[in-house]
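Structure first, commentary second.
All values below come from the heavy atoms of this structure, side chains included, with hydrogens, waters and symmetry mates left out. Residues take their numbers from the sequence shown, with the count starting at 1.
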Amino acid sequence: MVKLVVATTVDPASICPAKELLSMPGWQPGTTLDQCIRSFSNGDVRLLEHDKGIVEEDDLDQRWENATGQTVDEVIFLSKHTAVSNRPALTIHPIGVPHLKEGDVPPQGGKPGWAAPPNPRMGPWMILLNKIAESHNLIPEFEITFEATHHGPVTTKPTMFIEIGSTEEYWRRPDAAQVVALLVWEGLGLGGGPPVGNWSSTSANNKVLLGIGGGHYVPRHTDVIKKDDCWVGQLLSGYSLPMEDPGPSKGKVNAQDIAGTWKHSIRAAYDATKAGFPGGEILAHLDQKSFKSWQKNAIIEFLGAQNIKIGKPGDFR
């Protein structure tokens, strides 16, 4: 079983942390994938380096398995983050575009209706990222936050993105690159310590948060995650839940009557989270204040019909 860390030379927020990571002990040149993707090995970790946009190389997990015979158990992408605010940030998020329908063209990779299994390390690594960033004096200058599920590339193994934002100045910051490199180094146990965030369904707390609703930075879900140190699954923001307003109605509006891809998006995110956390208890956490009453009622009805349990903040301890 190997772990893939993926970087691209066309993105300074990707290649700079990768170079920092490769400057640490134990790395050796490895297999060249498809004659153009370089790799380096260190224990059970494989760092892949390519020359395309980070969302453009689909199925790297399957391609690596086919080329080497090594089973991939997780994928971690290093990337830049952009934001209108231009605020410096270090972010972690799951990937997928489950709200898109067949025929839609994903603007940033992936395939319509798909969500990757979330990497179980996301929650524990957010705690570790805060710790490392604070020790390097990046807080409060940098915001440390989750982002909602978005973009590709396509993978089938548990996946997460780690990003540096939000402008060229910060993408090239040596201290930010070092923090991300140390997160991967310590988080995967490359320095000799225990890996952080290994999933086991037999752990004392096997409850996993499936976030539904809220803005791109999912603040209400993040509050629960940071407070209760819980496992993190897919995080669907409001824009991943397209719901068509049924208009005025004298009677009760049923979930089945509300058009849009929101039902598929929730189901795909739930199934992906189950795949990422085998044996885990998946609980949907709703950002209820982000929904209109008809939206909230429809989502709760649909979750019940799908036998997806709803968790309150205190349920994730």
Derivation of the side-chain contact (heavy atoms from CB on, under 4.5 Å) call for Leu129 and Val179 = CA-CA 8 Å; Leu129 178 58; Val179 164; 3.7 Å; yes
For a quick test of reading the model, state the closest non-hydrogen atom pair linking [X] to [Y] and the distance between them.
X	Y	result
Val180	Pro17	CG1-CB, 3.8 Å
Pro112	Lys101	CB-O, 3.3 Å
Lys111	Val97	O-CG2, 3.3 Å
Trp231	Lys207	CD1-O, 3.4 Å
Pro94	Pro118	CB-CB, 4.3 Å
Val55	His151	CG1-ND1, 3.9 Å

So, does [X] use its side chain to make a donor-acceptor pair with the main chain of [Y] at under 3.5 Å?
X	Y	answer
Ser14	Thr8	yes
Ser290	Gly214	yes
His136	Leu138	no
Arg87	Gly165	no
Thr68	Trp64	yes
His221	Gly213	yes
Ser203	Asn205	yes
Gln295	Lys292	yes
Asp315	Lys312	yes
Asn206	Thr202	no

Take Glu147 and Thr91 through the test side chain to side chain donor-acceptor pair (under 3.5 Å) and record every step on the way to the result.
-> CA-CA 6 Å; Glu147 294 180 77; Thr91 76; 2.6 Å; yes
Heavy-atom side-chain contact between [X] and [Y] under 4.5 Å:
X	Y	result
Leu128	Ile132	yes
Asn42	Gln28	no
Glu74	Lys157	no
Thr156	Asp61	yes
Val5	Val184	yes
Thr155	Leu60	no
Ile139	Asn130	yes
Trp294	Pro246	yes

Begin with the C-alpha distance, continue with both residues' side-chain angles, and end with the deciding distance and a verdict on side-chain contact (heavy atoms from CB on, under 4.5 Å) for Ile299 and Ile266.
-> CA-CA 9 Å; Ile299 289 171; Ile266 291 173; 4.2 Å; yes
Test side chain to side chain donor-acceptor pair (under 3.5 Å) on Thr273 and Gln234 and set out the steps.
-> CA-CA 6 Å; Thr273 300; Gln234 283 285 340; 5.6 Å; no
If you measure from [atom1] on [X] to [atom2] on [Y], what distance do you get to the nearest 0.5 Å?
X	Y	atom1	atom2	result
Asp271	Ile282	CG	CD1	10.0 Å
Leu236	Leu210	CG	CG	6.0 Å
Lys296	Lys289	NZ	NZ	11.0 Å
Ser166	Glu143	OG	CD	8.5 Å
Trp185	Gln178	CH2	CD	12.5 Å
Lys226	Ile127	NZ	CD1	7.5 Å

Indicate, with yes or no, if [Y] and [X] share a hydrophobic cluster defined by side-chain heavy-atom contacts under 4.5 Å among Ile, Leu, Val, Met, Phe, Trp and Tyr.
X	Y	result
Val196	Leu21	yes
Met243	Leu100	no
Val2	Trp199	no
Val154	Leu48	yes
Leu47	Leu78	yes

[X] and [Y] aromatic centres sub-6.0 Å:
X	Y	answer
His99	His264	no
Phe146	His93	no
Trp27	Phe40	no

Can Thr71 and Glu65 be said to form a side chain to side chain donor-acceptor pair (under 3.5 Å), step by step?
-> CA-CA 6 Å; Thr71 301; Glu65 290 186 349; 4.8 Å; no
Kindly determine whether His81 and Tyr170 satisfy side chain to side chain donor-acceptor pair (under 3.5 Å), including the steps that lead there.
-> CA-CA 10 Å; His81 170 67; Tyr170 300 109; over 6 Å; no
[X] and [Y] ion-paired at < 4.0 Å:
X	Y	answer
Lys3	Asp73	yes
Arg173	Glu168	no
Arg38	Asp51	yes
Asp223	Lys227	no

List the steps and the verdict of side-chain contact (heavy atoms from CB on, under 4.5 Å) for Leu188 and Trp125.
-> CA-CA 10 Å; Leu188 293 180; Trp125 278 29; 3.8 Å; yes
Verdict with supporting geometry, Phe77 and Ile162, side-chain contact (heavy atoms from CB on, under 4.5 Å) = CA-CA 6 Å; Phe77 289 91; Ile162 304 170; over 6 Å; no
Give me the ring orientation class for His285 and Phe316: parallel if the planes are under 30° apart, tilted from 30 to 60°, perpendicular past 60°.
->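 Ring orientation of His285 relative to Phe316: perpendicular.
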State whether the number of non-hydrogen atoms from other residues, nucleotides or ligands found under 6.0 Å of Lys131 atom NZ is greater than 12.
-> no
